[in-house]
Amino acid sequence: MKKVITYGTYDLLHQGHINLLRRAKELGDFLIVGVTNDSFDRDRGKLNVRNNVLERVEAVKATGYADQIIIEDYVGQKIDDIQKYNVDIFAIGSDWEGKFDYLKEYCEVVYLPRTEGISSTMLRNESQDVIRVGIIGCGRVAERFPSEADVVNGINVCAAYDINPDATKALINKGNDKIISYDHLDEFYQAVDAVYVATPHLAHYSCIKEALERKKHVLCETPMLLNGDQAKELYRLAEQQGVILMEANKTAHCPAFNHLMVLIKSGLIGEVVDIEASLSQLLDKNGREFDPNQAGGALFEQGSYPLLPIFKLMGIEYQNIDLYSRMENGIDIYTRGVLRYENASCSFKVGLGVKTEGNLVISGTKGYAYVPAPWWLTDYFELRYEDQNQNKKFFYKWDGYGLRYEIQEFISCILNKRFSSVRLRRRESIQMAMVMQQFIERNNFFEI
Ligand code: CTP
């Protein structure tokens with residue numbers, strides 16, 4: 001019996017897939033189809049796959065060509081499968097011509113003609129409106145946005161606005177010539193469905209409010225707001241207007257961080273009783289980050305990152321937070337926060353003028369999670385136990401600047417009308433703004 005194997009994502013199953021499966025089946029007597037797992041697709045940069053793996057398996061089954069369906073989970077699995085299932089022929093579409101020649105050592109490799117004029121990418125793009133996004137605030141932070149948005153389906157970054165027209169021009173000159181620069185906000189807003197706000201912190205509130213009033217979706221850089229009431233007001237306004245408001249906190253969307261949260265919530269280190277999260281970056285003291293008039297300082301710049309794992313794992317119902325800050329020229333160059341919960345205590349350190357070890361340690365009754373610096377961009381972590389033989393290391397892929405994951409979630413929230421993302425809930429984002437407000441009001445604040 002001649003065995004054939006082929007692999008694919010088979011998202012939004014289409015005629016091209018059906019033709020390919022028929023041709024593959026015709027090559028032998030028994031066809032094995034490998035369907036990629038959701039996390040494997042994400043790891044290899046295939047974002048925005050619409051159907052989940054179970055739906056895709058069902059779709060392949062419904063074609064009637066597959067005698068066996070397996071799941072593809074990891075790089076290198078094809079070689080294992082070919083040997084495990086005694087495969088005679090590996091078949092794949094001609095768009096992969098030459099790419100799988102390395103399998104010739106194990107079986108015959110056949111590149112089948114690809115059906116012209118159709119692909120999952122095309123269907124995904126057709127089946128959804130492409131969201132037109134404009135950038136407001138074209139400084140350093142915004143620079144990475146267009147190239148990251150390029151790898152996400154369903155978004156077209158088409159417009160830019162800055163109170164300083166030179167900043168907009170500089171952004172466009174950095175290879176972003178498809179973006180149109182606008183001098184007037186009225187025209188800018190006519191050209192977009194959504195905005196990415198990357199202005200200095202203090203301009204966020206008015207920018208977001210204006211965009212929401214014009215019924216535009218908003219993705220705003222972190223910290224979105226420095227006042228809890230303003231955060232509540234704007235999330236409420238977004239829902240009233242039927243648009244999405246999301247805080248752009250890239251750690252929240254990072255695949256490794258998300259998996260770590262899931263593992264800990266499923267009890268792998270027992271009950272969590274302590275979280276310590278730190279990050280620091282020594283910056284040029286002439287920069288905006290040191291200017292009290294532009295809401296500089298370590299807590300505003302960095303605080304929303306360590307608060308993220310604390311709020312995600314322990315919730316927002318803490319009893320109190322004490323803030324210990326070293327102040328210099330009107331800003332905190334270092335802040336340590338201590339949060340007391342009923343059954344846990346958590347602490348964080350942030351520094352612009354004080355250097356700390358930047359790791360994340362989550363301590364539980366059965367073991368602890370250790371995420372080395374820079375944990376906020378993590379691609380690796382360990383779960384450690386008393387019995388070291390049980391220790392486990394986890395590795396992930398982190399693509400580009402990492403903004404693509406939050407952009408993808410933003411687009412998905414817009415298309416599915418989800419007002420709150422599980423990755424960073426509205427209540428967590430509001431609570432972050434509350435902590436900033438507590439600092440401004442100097443409540444439970446101690447200068448050191
Ligand atoms: N395929 C094909 N003809 C098409 C599209 C896909 O023969 N028009 C083949 C691919 O070459 C591959 C299999 O179908 O062997 C599964 O491909 P997959 O990547 O799932 O489909 P695409 O439509 O190419 O997906 P995407 O646009 O996301 O890359």
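Indexing begins at 1, ligand by ligand and atom by atom, following the structure's order. For the numbers below, each heavy atom of this structure counts, side chains included, while hydrogens, waters and symmetry mates do not.
The closest heavy-atom contact to atom 3 (N) of ligand 1, among the options H14, Q15, R114, comes from R114.
A distance-only check finds a donor-acceptor pair linking the side chain of E406 to the backbone of K250 [under 3.5 Å]. When atom types are taken as modelled, the side chain of K355 and the backbone of L282 share no donor-acceptor pair closer than 3.5 angstrom. Between the side chain of R404 and the backbone N or O of V152, no donor-acceptor pair lies under 3.5 Å.
The pair R214-D186 counts as a salt bridge, with a side-chain nitrogen and a carboxylate oxygen less than 4.0 angstrom apart. A salt bridge does not link K349 with E276: none of the charged nitrogens is closer than 4.0 Å to a carboxylate oxygen.
In terms of protein heavy-atom proximity, atom 28 (O) of ligand 1 is closest to R124 NH2, 2.9 Å. Scanning all protein heavy atoms for the shortest distance to atom 19 (O) of ligand 1 gives K46 NZ, 3.2 Å. Protein heavy atom at the shortest distance from atom 27 (O) of ligand 1 is T121 OG1, 2.4 Å.
Remark: ligand 1 atoms within the under-4.0 Å shell around heavy atoms of S119 are 23 (O), 27 (O). For ligand 1, the atoms sitting less than 4.0 Å from at least one non-hydrogen atom of G8 are 16 (C), 20 (O), numbered in the order shown with element in parentheses. Contact atoms of ligand 1 toward G93: 11 (O), 15 (O) (distance under 4.0 Å to a heavy atom of the residue).
Nearest heavy-atom pair, H253 versus S421, reported as atom, atom and distance to 0.1 Å: CE1-OG, 4.3 Å.
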| task | Could you walk me through whether H259 and Y396 pass ring-ring contact (aromatic ring centres under 6.0 Å, His included), step by step? | result | CA-CA 10 Å; H259 196 211; Y396 299 81; 5.6 Å; yes

| request: Dump the intermediate steps for side chain to side chain contact (heavy atoms under 4.5 Å, CB included) on I70 and Y85, then the final yes or no. | output: CA-CA 11 Å; I70 59 171; Y85 299 109; 3.5 Å; yes

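Between I118 and ligand 1, a contact under 3.5 Å exists for at least one N or O pair. Among the atoms of S120, some N or O lies under 3.5 angstrom from an N or O of ligand 1. Considering backbone and side-chain atoms together, H17 places an N or O closer than 3.5 Å to an N or O of ligand 1. For a threshold of 3.5 Å applied to N or O pairs, the pair formed by M122 and ligand 1 contains no separation below that value.
Atom CE of residue M314 and atom CG of residue L307 lie 13.5 Å apart, to the nearest 0.5 angstrom.
Contacts between L20 and ligand 1, counted as non-hydrogen atom pairs separated by less than 4.0 Å, involve the side chain only. Contact annotation: for D95 versus ligand 1, heavy atoms closer than 4.0 Å belong to the side chain alone.
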